[in-house]
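Data first, discussion second: the structure below is written as structure tokens.
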Amino acid sequence: MPSNDARTLLQTAVPTAVAGAVAVAVSAGVAGGKGAIGALVATLVVVLFMGIGLVVLQRTARSLPQLFQAMGLMLYTTQLLLLFVFVAAFKDTTMFNPKAFAITLVALTLVWIGAQTRAHMKAKILYVEPESDNAEKPKNTGSKS
């Protein structure tokens, strides 16, 4: 993974994990042990889904840059739909508090998107390929009058 990609992943996963730890503590205080488990599961789901999505999107940008925007839209739509499926699938669970799970899932998704936006805006990504030293320089064929 190139350094820019790893840096972006780090700059998005760390704030999400920190927010997840806060969510686990708050959920434990509000809903007890089952709330903490729900928040922990939601944290793992968000970091896993969004992390995989970011890696896929970065690989697509490198190999098929013409599909980057369409792939990004499709990927984020798919991720949000899968997160809604998770909320729907676990709404009646007794393993953990589903309300803490759902609230944490939504909050951490927003944290991830915000952190990813910030990381992308701070990244110094070249949008024009710089000339290399060994490339042929254009010859000046114009005449001076």
Q.
Can you tell me how far apart CD1 (I113) and CG (L108) are? Round to the nearest 0.5 Å.
A.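 So the CD1 of I113 and the CG of L108 are separated by 11.0 Å.
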
Q) Roughly how far, to the nearest 0.5 Å, is the OG1 atom of T60 from the CD atom of Q66? A)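 Between atom CD of Q66 and atom OG1 of T60 there are 10.0 Å.
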
Q. If you group Ile, Leu, Val, Met, Phe, Trp and Tyr by side-chain heavy-atom gaps below 4.5 Å, do I103 and F84 land in one group?
A.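 Shared cluster, no.
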
Q. Taking ILVMFWY side chains as joined if any heavy atoms are under 4.5 angstrom apart, and letting links pass through other members, which residues group with V30?
A. V22, V26

Q.
Please give the remaining members of the hydrophobic cluster of L110, linking ILVMFWY side chains under 4.5 Å, ordered by chain and number.
A. V106

**Q.** Under the side chain to side chain donor-acceptor pair (under 3.5 Å) test, residues paired with Q116 that sit two or more places apart
**A.** Y76, W112

Going by atom type alone, with no hydrogens or angles, which donor-acceptor pairs under 3.5 Å involve a side-chain atom of residues 35-57 and a protein atom two or more places apart or on another chain?
unit_1: T43; atom_1: OG1; unit_2: A39; atom_2: O; d: 2.8

Q. Under 30°, 30 to 60°, or over 60°: which ring-plane class applies to F90 and F96, parallel, tilted or perpendicular?
A. tilted

Going by atom type alone, with no hydrogens or angles, which donor-acceptor pairs under 3.5 Å involve a side-chain atom of residues 10-19 and a protein atom two or more places apart or on another chain?
unit_1: T12; atom_1: OG1; unit_2: T8; atom_2: O; d: 3.0
unit_1: T12; atom_1: OG1; unit_2: L9; atom_2: O; d: 3.0
unit_1: T16; atom_1: OG1; unit_2: T12; atom_2: O; d: 2.7

**Q.** Pairwise side chain to side chain donor-acceptor pair (under 3.5 Å) hits with a residue in residues 87-108, at least two apart
**A.**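 Sorted result for residues 87-108: empty, none.
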
**Q.** Flag side-chain contact, heavy atom, 4.5 Å: M74 against M71
**A.** yes

